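Working notes, structure below.
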Amino acid sequence: MTKLRLAIVGAGPAGIYAADILLKAERKFDVSIDLFEQLPAPYGLVRYGVAPDHPRIKGIINALRDVLDRGDIRIFGNVRFGVDITLDDLKHHYNAVIFSTGAVEDAPLDIPGIDLDGSYGAAEFVSWFDGHPDVPRTWPLEAESIAVIGNGNVALDVARMLAKHPEDLLPTEIPANVHEGLQQSPVTDVHVFGRRGPAQVKFTPLELRELGELNDVDMILADEDFDYDEASKAAVASNKQVMVIDRVLQQWRKRETGQASRRLHLHFYAKPLEVVDDGSGKVAAFRYERTRPDGQGGVEGTGEIREVPIQALYRAVGYFGSPLPGVPFDSRHGVIPNHEGKVLHPESNERVPGVYATGWIKRGPVGLIGHTKSDAMETISHVINDQADWWTPVEPDEEAIVALLESRGVAYTDLEGWHLLDQHEIALGEPQGRARIKVVPREEMVAISRAQPSDDGTPSA
Ligand SMILES: Cc1cc2nc3c(=O)[nH]c(=O)nc-3n(C[C@H](O)[C@H](O)[C@H](O)COP(=O)(O)OP(=O)(O)OC[C@H]3O[C@@H](n4cnc5c(N)ncnc54)[C@H](O)[C@@H]3O)c2cc1C
C-alpha cells in the first residue's frame, strides 16, 4: 500500500486537528505524520494566547492532548522550520507538508507616536502574561492610566489582565514572574478605545460580560455613546449577539460607581490619531477624533479632537502571520497564499505541489479555535485527493529525519518529553492548589523534557 509521509509544521490546534482528521479519514493509503513545533510545548495560542483566567477555553488542550496521546503522530518540539529544518529537507524526507504556523506578530497601527517608549503590541503582552519562553521575563508595568486600542476579544483580554487585581489571578496557571509583575502595577484606569459604536463591536458577549464581574473595578461608560442611529437600532433589534452586548452595556450604565480602586472605561466612536510624546520619547497621552455613525453601519469623523492622558498604550488591532523561508507569503495579508489550503505562487497563482496551509496562516488571524477544525478538513481533503502531485522523497525512512536532526545537534523534544514537562508543571502547582505553574525559560523546558525519568517517574534534570 502507498504510504503518505506527511510533515506538519506548527503544533497549534490547526496542526493537531489536521493530523487527527487525516488519520481518521477514509483513504486508500497509509499515513505517517511528523509534527514539527518550534516550542518545547505543543498547543500554540491555546497555551500562549488564550488568557490564563479562561480555564474553560484552556480546557480545549485536553482534547488536543488526547489526539497526541494516541501515539500515532510523532512530535518534534524545539525544532524551528527555517532554522533547524528547511523546505528542501522536508522534500527529501516527506511526500508533502502542511504549514500551520499561525500568527504571532501584532498588526501595525500606523499613527504618529506608535513607537514611543510605553507603546506596546498586545501580542507581546499576551506572550508575557502567558509565559512564552521567547519574551523577556519582566514587563514594564509603571503606568497609572493605560489605553488599549481595539474592540475585539484580544483588546478585552488585555484590558482585563491590566485591570484585574493580581490576587484574583492566583487560582489560574499564571507563571510566578507574571503574578509578581502584576503586583507592582500602580494602574487605576484602563481606557479601551473603539472606532465605531457599541452596536458594531467585534468582541463577543461572554468576554464582555466578564469585565463587569471584575472585583473592585468600576465599568465607566459615556451617555453620548448610546444615542443610537437607525442602523445601530436595527442591529440591536435584529442580531442576537448585538442585542446581548447592548443589554450588558445598558446594565452597566445603571450601576453605581465611585467605590472601586480601579476603573475600566469603554470609549466608543474614537478614531486613533496620535500617541502624544511627553518630550522625552515617552507616552504622555492618546489623541483621537470623535466619530459618528454614517447612517450605513459605519462611521465618519466629526473633526472634534480629544486627548486622554496616559502613560502606556497597547494596540490590539489584530495579529499578523510571519513569512517562512522558501514558502510563498502574502505580505499584505500576512498569510501563505492558497486556495482552500493548496499553496499558490503569489505572482502566477500557480499551485506549489506538495505544499499546504491550514489555520491562521491559511485564513488570517480571525476566528476561534473551533474554526481551525473546519479549516483542517478542507486542507486535508485536498492532501488526500492530490496524490498525483505529492513529492517523491529520497529518504522516506522514519529514522532518517531523526538522524538529520541529531547530526545538526538539534535538541528536539518528543511526546514523552512533553509528558515529563506537563507532569512537572502540574507538580509545581500542587502545593499551592493550582492546576499547574508554567515553566517559562526555554532551556529549562528543554532540560526537563529531555531528562531521563527517575524511578518514581519524575524527571531527573
Ligand atoms: C490573545 C488571544 C486570545 C484568544 N482567545 C481565544 C479564546 O478564548 N477562544 C478561542 O476559541 N480562540 C481564542 N483565540 C484564537 C485561537 O488562539 C486561534 O484560533 C488558534 O490558536 C489558531 O490556531 P493555529 O494552529 O492556526 O495557530 P497557533 O495557535 O498560533 O499555532 C501555531 C503553532 O505554530 C508554531 N510555529 C510557528 N512558526 C513556526 C516555525 N517556523 N517552525 C515550527 N513551528 C512554528 C507556533 O509556535 C505555534 O505553536 C485567541 C487568540 C489570541 C491571539
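Bear in mind the structure is a predicted one, so any value in this text is a computation, not a measurement. Atoms within each ligand, like the ligands themselves, are counted from 1 in listed order.
Of all the atoms in ligand 1, the ones that sit under 4.0 Å from a non-hydrogen atom of S100 are 32 (C), 33 (C), 34 (O). Shown in contact with G49 at under 4.0 Å from a heavy atom are these atoms of ligand 1, numbered in order with element: 1 (C), 2 (C), 3 (C). Close approach to G359 involves these atoms of ligand 1, each under 4.0 Å from a residue heavy atom: 26 (O). Close approach to G44 involves these atoms of ligand 1, each under 4.0 Å from a residue heavy atom: 29 (O), 31 (O), 48 (C), 49 (O). If you number the atoms of ligand 1 from 1 as listed, the ones under 4.0 Å from a heavy atom of V154 come out as 1 (C), 2 (C). Applying the 4.0 Å criterion to heavy atoms of D157 picks out, from ligand 1, the atoms 3 (C). Taking every heavy atom of R80 and a limit of under 4.0 angstrom, the matching atoms of ligand 1 come to 41 (N), 42 (N). Those atoms of ligand 1 with a heavy atom of T372 less than 4.0 angstrom away are 22 (C), 23 (O).
Note: H132 and Y48 have tilted aromatic rings, judged against thresholds of 30 and 60 degrees for the angle between ring planes.
In terms of polar-atom proximity, defined here as any N/O pair under 3.5 Å, Y319 makes no such contact with ligand 1. The N/O atoms of V126, backbone and side chain alike, include none that comes under 3.5 Å of an N/O atom in ligand 1. Of the polar atoms of V46, none of the N or O atoms is found under 3.5 Å from an N or O of ligand 1, judged by distance alone. Distances between N or O atoms of G367 and those of ligand 1 include at least one value under 3.5 Å. In terms of polar-atom proximity, G15 is not counted as a contact of ligand 1, lacking any N or O under 3.5 Å from an N or O of the ligand. Note: an N/O pair closer than 3.5 Å links W360 and ligand 1 by distance alone. At least one N or O atom of E37, backbone or side chain, sits closer than 3.5 Å to an N or O atom of ligand 1. Taking only nitrogen or oxygen atoms, main chain and side chain alike, L45 reaches within less than 3.5 Å of ligand 1.
Protein heavy atom nearest atom 34 (O) of ligand 1, with residue, atom name and distance: G10 CA, 3.2 Å. Of the protein's non-hydrogen atoms, I57 CG2, 3.4 Å is the one closest to atom 9 (N) of ligand 1. Distance from atom 6 (C) of ligand 1 to its nearest protein heavy atom, with residue and atom name: V50 CG2, 3.6 Å. Among all protein heavy atoms, the one lying closest to atom 20 (C) of ligand 1 is P13 CG, 3.8 Å.
Residues satisfying the side-chain contact (heavy atoms from CB on, under 4.5 Å) criterion with A14, sequence neighbours excluded, are S100, T358, T372.
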For R47 and E37, what are the C-alpha separation, side-chain angles and deciding distance, and is it a salt bridge (charged side-chain N to carboxylate O under 4.0 Å, His left out)? CA-CA 13 Å; R47 182 172 157 104; E37 167 57 50; over 6 Å; no

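Here R70 pairs with D20 in a salt bridge; the nearest charged N to carboxylate O distance falls below 4.0 Å. Under the 4.0 Å criterion applied to side-chain N and carboxylate O atoms, E398 and K3 are assigned as salt-bridge partners.
In this structure, F125 has its ring center under 6.0 Å from that of Y314.
In this structure, P346 and D330 have side chains that are not in contact, with every pair of non-hydrogen atoms separated by 4.5 Å or more.
A side-chain donor-acceptor contact under 3.5 Å links R434 to the backbone of L170. A side-chain donor-acceptor contact under 3.5 Å links K438 to the backbone of D130.
The salt bridge (charged side-chain N to carboxylate O under 4.0 Å, His left out) contacts involving residues 86-101 comprise D89-R408, where partners must be two or more places apart or lie in separate chains.
Side chains of D69 and H419: a donor-acceptor N/O pair is present below 3.5 angstrom, by distance only.
Just one of N338, T101, T379 meets the side chain to side chain donor-acceptor pair (under 3.5 Å) condition when paired with K362; it is T379.
Within a 4.0 Å radius of atom 49 (O) of ligand 1, the protein has at least one heavy atom.
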